[in-house]
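Beneath this line is the structure, given in structure tokens, with notes to follow.
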2 protein chains.
Amino acid sequence: MNIQNGDELLRILEALSNPYRLKIISILHQERQYVSQLARSLGISRPLLYLHLQRLEEANLIKGDYEVSDKGKTMKYFELNPFFIELNPQFITELADSLTLKKKKE
Amino acid sequence: MNIQNGDELLRILEALSNPYRLKIISILHQERQYVSQLARSLGISRPLLYLHLQRLEEANLIKGDYEVSDKGKTMKYFELNPFFIELNPQFITELADSLTLKKKKE
DNA sequence: AACACCTGTAATATATTTATTACATGAATA
DNA sequence: TATTCATGTAATAAATATATTACAGGTGTT
């Protein structure tokens, strides 16, 4: 996972800036889980979970795959997209120029 | 700078989840600047800058010191508090248990 | 005194994020 | 067929974060 520009770094930082999403990372680091299972693990509703999963997926930190169980049920398993980011002032400085300042209507 | 628990990590990630704040880190990595100077560098108003500086200061990423210039003017210089965080699933997992889920009235 | 910089904050408005509620669909099982 | 467990989304509400506007006070210079 190579970070190309400031906006990408920002997207990742934003994705990780939430306790549920950090917990999702932690759970998926230990084992892959399907959506409903994850919702139970976290103790939150699926709609809310979807929102968080989407943020993580957009940042490319996780990915989901459909899988049909023995019983014929389709479940969506999520798993981690391993990452390793060395967060320090030097690195941020290298990417700072490629940061977009405000996303508005175009 | 040693991160002790999930909430602290989260505070840092939140502090870094904004383009202006990343730019502030970048600027202060190169040289210390006083408030008005920083506002000009960034092209934003001081009130807005203060908000961002506060977030960074709360996360302990920067610190400010008052200094009297030759001409007798008091300026508040900000400088970086160097940090180095290895952001990866393993590290997040270690801190995930010490994450507070919702801050509400107690 | 008026101007040019420096410091800061309070009140308000706007935008974004987070959370909830209400639906809708499909397949296996009792 | 009624229940259970899986998938998902649209609409709305509530909470936070971001941004703006309007102040106020200090010192040095013209």
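Please read these numbers as outputs of a predicted model, since none were measured by experiment.
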Which whole-number value in Å describes the distance from [X] [atom1] to [N] [atom2]?
| X | N | atom1 | atom2 | value |
| --- | --- | --- | --- | --- |
| B:Gln33 | C:dC5 | CD | P | 17 Å |
| B:Arg11 | D:dT16 | CZ | P | 16 Å |
| B:Asp70 | D:dT29 | CG | P | 11 Å |
| A:Ile44 | C:dT18 | CD1 | P | 12 Å |
| A:Tyr20 | D:dT16 | OH | P | 12 Å |
| A:Lys71 | C:dT29 | NZ | C1' | 9 Å |
| A:Leu101 | D:dT18 | CG | P | 13 Å |
| A:Leu51 | D:dT9 | CG | C1' | 12 Å |

Please give me the minimum heavy-atom distance between [X] and [Y], naming the atom from each residue.
| X | Y | value |
| --- | --- | --- |
| B:Arg32 | B:Gln37 | O-OE1, 4.4 Å |
| A:Glu86 | B:Glu86 | OE2-OE2, 4.5 Å |
| A:Gln4 | A:Leu95 | O-CD2, 3.9 Å |

Under 4.0 Å between any heavy atoms, over every strand shown, what does B:Lys73 touch: base, sugar-phosphate, or nothing? Just pick one.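 Here B:Lys73 touches the bases of the nucleic acid.
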side-chain N/O A:Asn18 vs C:dT17 OP1/OP2, d < 4.0 Å: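 Indeed not, no polar side-chain atom of A:Asn18 lies that close.
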Below 4.0 angstrom from OP1 or OP2 of C:dT17, is there any side-chain N or O of A:His52?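 No.
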Could you measure the distance from the CD1 atom of B:Ile85 to the CG atom of B:Leu61? Nearest 0.5 Å is fine.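 So the gap between those two atoms works out to 7.0 Å.
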Of the candidate nucleotides D:dA19, C:dT20, C:dC6, which contains the atom at the shortest distance from the side chain of B:Arg40?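 From the listed options, C:dC6 comes nearest.
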Using a 4.0 Å heavy-atom cut-off, write out nucleotides 7-13 of chain C from 5' to 3' as B (base contacted by protein), S (sugar-phosphate only) or - (no contact). BBB----
Checking A:Ser17 side chain against B:Leu13 main chain: does a donor-acceptor pair fall under 3.5 Å?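 Indeed, once roles are kept as given, a pair shorter than 3.5 Å links the two residues.
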Would you say the side-chain atoms of B:Thr93 pair up with the backbone N or O of B:Pro89, donor to acceptor, closer than 3.5 Å?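 Yes: the side chain of B:Thr93 pairs with the backbone of B:Pro89.
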Mind running side-chain contact (heavy atoms from CB on, under 4.5 Å) on B:Lys76 and B:Tyr66 for me, showing each step along the way? CA-CA 4 Å; B:Lys76 187 172 191 179; B:Tyr66 291 97; 3.6 Å; yes
